[in-house]
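Residue numbers begin at 1 in each chain, while the letters A, B, ... track the order of the sequences.
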Amino acid sequence: MSVWFNPARELDALLRKVAPSVAGLDASFQPELRPSDPRHADFQSNGAIAAAKKAKANPRALATALVDALKASGELDESLVQVEIAGPGFINFKLTPKALGAWLREYRDESKWRAGAARIMGGRKVVIDYPSPNTAKQMHVGHLRPIVIGEAVARLIEFCGADLVRDNHIGDWGTNFGILILGIKRAGFQLDARSPTALEDLERLYKEGSALTKADPAQLDAARAELARLQQGDAASLALWTEIVAVSNAACQRIYDQFGLKTDVILGESFYRDKVDQVYAELQQHGLAEESEGALVMWCDEEPRFSRHAETKMPFIVRKKDGSSNYASTDLATLLYRAEHFKADEVVYVTDGRQQDHFQQLFLNGAKWFKETNRKLPRLRHVWFGTILGEDGKAIKTKSGDPVRLQELIDEATERAYVAVTEKNPDLPEAERRAIAKAIGVAALRYVDLSSNRTMDYSFSWTKLLAFEGNTAPYLMYAVVRVRSIFRKNGIEPGQGEAGATDPETPTEIALARKLLGFTAALDQALEDLRPHHLCTYLHELAAAYGAFYAADSVLVEDPAVKARRLMLCARTTAIMECGLRLLGIEPVERM
RNA sequence: GUUCCCGUAGUUCAACGGAUAGAACAUUGGUUUCCUAAACCGAGGAUGUGGGUUCGAUUCCCGCCGGGGACACCA
């Protein structure tokens, strides 16, 4: 038997294969294989309990019969996997030290893990839509989430074998531009893209205009009229618009650079300005959209919430009554472009949770449209996240006071990290301490955001975002530093000095080895619902397992076999930690 | 009002219907002639509430209480 990359997946397949030969089971048997509490086993299968109920059999007896069939199949090497029945009928699988050692020798670097993980999304064309900010605003703390979550999700998808296009779908064609252009005209403002305060000026004008439109409906109509003029191709409006977008994109890019974010294309809403007419035409031609109160709308009568008969009407407005496009129009056009031009098998939208209704409508209406026009609909997923709340428990918004600027947050995190690095490592050159501080500061920020389930809201807190202890990025990075230090001290690179390595033996070695194998399960889990926090949890557990191993078992010992196997554990730990950190967008450092 | 999320230690968060609900911070006791103590080992402390389904519920269903979001031309 060759060494399995993902034992849970293989055991699941084996159980399914032998199930039909067991009385009371058939091919529909679901093993429900999952990682187990390590106090009991490495993996457990709970399927026999449910199946026994269905077959009116004794669950333990059925589990026993299943295990007997598994052993009789000859495909299970019991020197590698031990099986036993526990409790009401759990089947527990425990990997032996021999299996752990074999895995560590076989799956030694990123190319091997990538090959193993490619079964998850290999060969699929995926378009991911992030961070997609609205233009003409400075990035504030609220922009942290789409950048950080989007980047992590993108890297995870790519790691698991997908052919990925990162599309920054910026909001550059909406009413915000009507408000802004109106404000510029009202103030007689001369926009100079080279001015260092250009973006601040735009933001101020936008805020003033936004306040006016809220106070006075006539101003809102005037802003809409400005937008309509822009969308109709007015030359002066377009010239101004071009300059605003340039200023905005340059400012965003400075933030992206610091987060290591690289998008492949920037196809904002404006890119689809000449593609929406086709959408309107097709929707009307196929009777999918209709006039309502002057606008062109779509209903989903099959979904009560979006039905025309709903108590509170929520139509999908694809064209406004003044003829201009909106979010829905451009998103439909964008969907078509991604399906036809990029040949996407899957489209992933990374936005905040307040847009859930919009995306449900987009997916439902998009599906109807594609069906009517005989097109293949990509799999559509909305990766949404909760809001960063202010002290008042409400979303941090530009309108209610100034939220913290993202750059300010990065600078503060970097400065705090610099103080810590200087205290711990005063002998390092200044430039290196600065570089390390920047890496740690940005990493700490992004890890806070990634480490909790993305659907949760959380309150903004300097203390929390700048924490360097506990389940934080510096803790994980420190584990890497300590591993690398061992190799540096020994004058070798990770991966060297492993010849003659024996199987893990001490409790801490075995615990670390099992945790290393857990990488495969962590990837599966993070990919299933595109939730990076599962990877964070795993990396934290791995770092903790390494910490315990490091404290209990000296690596640089006399016995060559012991030393070799511990060097192997160290090498795998740092490799998986570094790989996992990079998937989260965090660049590890050599020392700190 | 309709509808969608969310309620877990003092705090911030985990737990794909499974075994004794797991971490971190804070509190508290210990560990350094030894590979980076930004570390390690230990202690105390939690499922809003009332029903239901299930062999088994933090998880699924219903009611209530509490927080947040969306709801006709913002994105």
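Between A:K424 and B:A38 there is a side-chain polar atom (N or O) within less than 4.0 angstrom of OP1 or OP2. Contact between the side-chain N/O atoms of A:Y475 and the OP1/OP2 oxygens of B:C40 is found at a separation under 4.0 Å. Residue A:H40 places none of its side-chain N or O atoms closer than 4.0 Å to OP1 or OP2 of B:G18. A:T175 has a side-chain polar atom (N or O) that falls below the 4.0 Å cut-off from OP1 or OP2 of B:C74. Within the structure, a side-chain polar atom (N or O) of A:Y478 is placed less than 4.0 Å from OP1 or OP2 of B:A38. Between A:R531 and the phosphate of B:A14, there is no side-chain N or O to OP1/OP2 separation shorter than 4.0 Å.
In this structure, A:E32 places its CD atom 14 Å from C1' of B:C55, rounding to the nearest Å. One interatomic measurement links the two molecules: OH of A:Y280 to C1' of B:C73, which rounds to 11 Å at whole-angstrom precision. For the pair A:L389 CG and B:U12 C1', the computed distance is 13 Å after rounding to whole Å. Rounded to whole Å, the distance from OH on A:Y447 to P on B:A38 is 19 Å. Here B:C25 presents its P atom at 9 Å from CG of A:N471, a figure rounded to the nearest Å. Atom-to-atom, CZ of A:R433 to P of B:A38 comes out at 16 Å; the value is rounded to the nearest Å. As rounded to whole Å, 16 Å separates atom P of B:U32 from atom CZ of A:R482. We find that CG of A:L581 is positioned 15 Å from C1' of B:A38, with the value rounded to whole Å.
Here, B:C65 and B:C13 have their C1' atoms 24 Å apart, quoted to the whole Å. Between B:A46 and B:C5, the two C1' atoms lie 23 Å apart (nearest whole Å). Going from the C1' atom of B:U53 to that of B:C61 covers 7 Å, rounded to whole Å. B:A43 and B:C25 have their P atoms separated by 15 Å, with the value rounded to a whole Å. Rounded to whole Å, the separation between the C1' atoms of B:C60 and B:U47 comes to 16 Å. If you take atom C1' in B:G66 and the same atom in B:U31, they sit 45 Å apart, rounded to whole Å. As rounded to the nearest Å, B:A23 and B:G45 have P atoms that lie 14 Å from one another. Spacing of P atoms, B:A24 relative to B:A72, comes out at 47 Å, to the nearest Å.
Secondary-structure annotation of RNA chain B gives the stems B:1-7 with B:65-71, B:10-13 with B:22-25, B:27-31 with B:39-43, B:48-52 with B:60-64, with a stem taken as at least 3 successive Watson-Crick or G-U pairs whose two distances both fall under 3.5 Å.
A:G353 comes within 4.0 angstrom of no nucleic acid atom, judged by non-hydrogen atoms across all strands. No contact: A:V483 has no heavy atom under 4.0 Å from any strand. Using a 4.0 Å heavy-atom distance criterion, A:E423 is classed as making no nucleic acid contact. Nucleic acid contact class of A:Y458 (heavy atoms, under 4.0 Å, all strands): sugar-phosphate only. The residue A:E528 sits apart from the nucleic acid: no heavy atom pair falls under 4.0 Å. The residue A:G174 sits close only to the backbone: its heavy atoms come under 4.0 Å of sugar-phosphate atoms, none of a base. A:A86 comes within 4.0 angstrom of a nucleotide base, judged by non-hydrogen atoms across all strands. Contact annotation for A:R591: base contact, defined as any heavy-atom pair under 4.0 Å involving a base atom. Among the protein residues, A:K464 comes within range of the sugar-phosphate backbone only, with heavy atoms under 4.0 Å from sugar or phosphate atoms but none that close to a base. A:S132 comes within 4.0 angstrom of no nucleic acid atom, judged by non-hydrogen atoms across all strands. Across all strands, A:A548 comes closer than 4.0 Å only to sugar-phosphate atoms, never to a base (heavy-atom distances). Using a 4.0 Å heavy-atom cutoff across all strands shown, A:N490 reaches no nucleic acid atom at all. At a threshold of 4.0 angstrom between heavy atoms, the contacts of A:I49 include nucleobase atoms, whether or not backbone atoms are also involved. Residue contacts for A:D553: at a heavy-atom cut-off of 4.0 Å it reaches a base atom on one of the strands shown.
A cation-pi arrangement is present between A:R319 and A:Y280 under the rule of less than 6.0 angstrom and at most 45 degrees off the ring axis. A:R273 forms a cation-pi arrangement with A:W241, by the criterion of a distance under 6.0 Å to the ring centre and an angle within 45° of the ring axis. Judged by the 6.0 Å and 45° rule, A:R434 forms a cation-pi pair with A:Y418.
Distances from the side chain of A:R224 to the nucleotides B:C74, B:C35, B:A72 place B:C74 closest. Among the nucleotides B:C16, B:A70, B:U20, the one closest to any side-chain atom of A:R354 is B:A70. Comparing B:C73, B:A19, B:A38 against the side chain of A:K321 picks out B:C73 as the nearest. Closest approach to the A:A551 side chain among B:C40, B:G18, B:C73 is made by B:C40 (side chain taken as heavy atoms from C-beta onward). Listed nucleotides: B:C4, B:A38, B:G18. Nearest to the side chain of A:R305: B:C4. Each of B:A14, B:G22, B:G1 was ranked by its minimum atom distance to the side chain of A:S452; first place goes to B:A14. Distance from the side chain of A:H533 is smallest for B:A14 among the nucleotides B:U12, B:A14, B:G18. Minimum atom distance to the side chain of A:Q525 is reached by B:C16, of the listed B:C13, B:A75, B:C16. For A:N453, the listed nucleotide lying nearest its side chain is B:A14; candidates were B:C35, B:A72, B:A14. Among B:C74, B:C40, B:G18, the nucleotide with an atom closest to any side-chain atom of A:R34 is B:G18.
At a threshold of 4.0 Å, the pair A:E509-A:R566 counts as salt-bridged, since one of the basic side-chain nitrogens sits closer than that to a carboxylate oxygen.
The ring-ring contact (aromatic ring centres under 6.0 Å, His included) test with A:H358 singles out one residue from A:F306, A:F363, A:Y327, A:Y349, and that residue is A:Y327. Checked against A:R591 for a side-chain contact (heavy atoms from CB on, under 4.5 Å), the options A:R484, A:E432, A:R482 give a single hit: A:E432.
Nearer the 5' end of RNA chain B, as judged by each residue's closest nucleotide, is the contact made by A:G87, out of A:G87 and A:L556.
Ring-plane geometry between A:Y546 and A:F549 is classed as tilted, the angle between the planes lying from 30 to 60 degrees on a 0 to 90 degree scale.
Taking 3.5 Å as the limit, the base of B:A15 and the side chain of A:T537 contain no donor-acceptor pair of atoms between them. Judged by atom type and distance alone, A:N92 reaches the base of B:A19 through a side-chain donor-acceptor pair under 3.5 Å.
There is no side-chain donor-acceptor pair under 3.5 Å between A:R531 and A:Q525.
Put simply, A:H540 does not rest on the base of B:A24: the two rings are not both less than 5.5 Å apart at their centres and under 30° in tilt.
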Salt bridge (charged side-chain N to carboxylate O under 4.0 Å, His left out) between A:R308 and A:E290: does it pass, once the steps are laid out? CA-CA 11 Å; A:R308 78 189 71 220; A:E290 64 188 42; 2.8 Å; yes

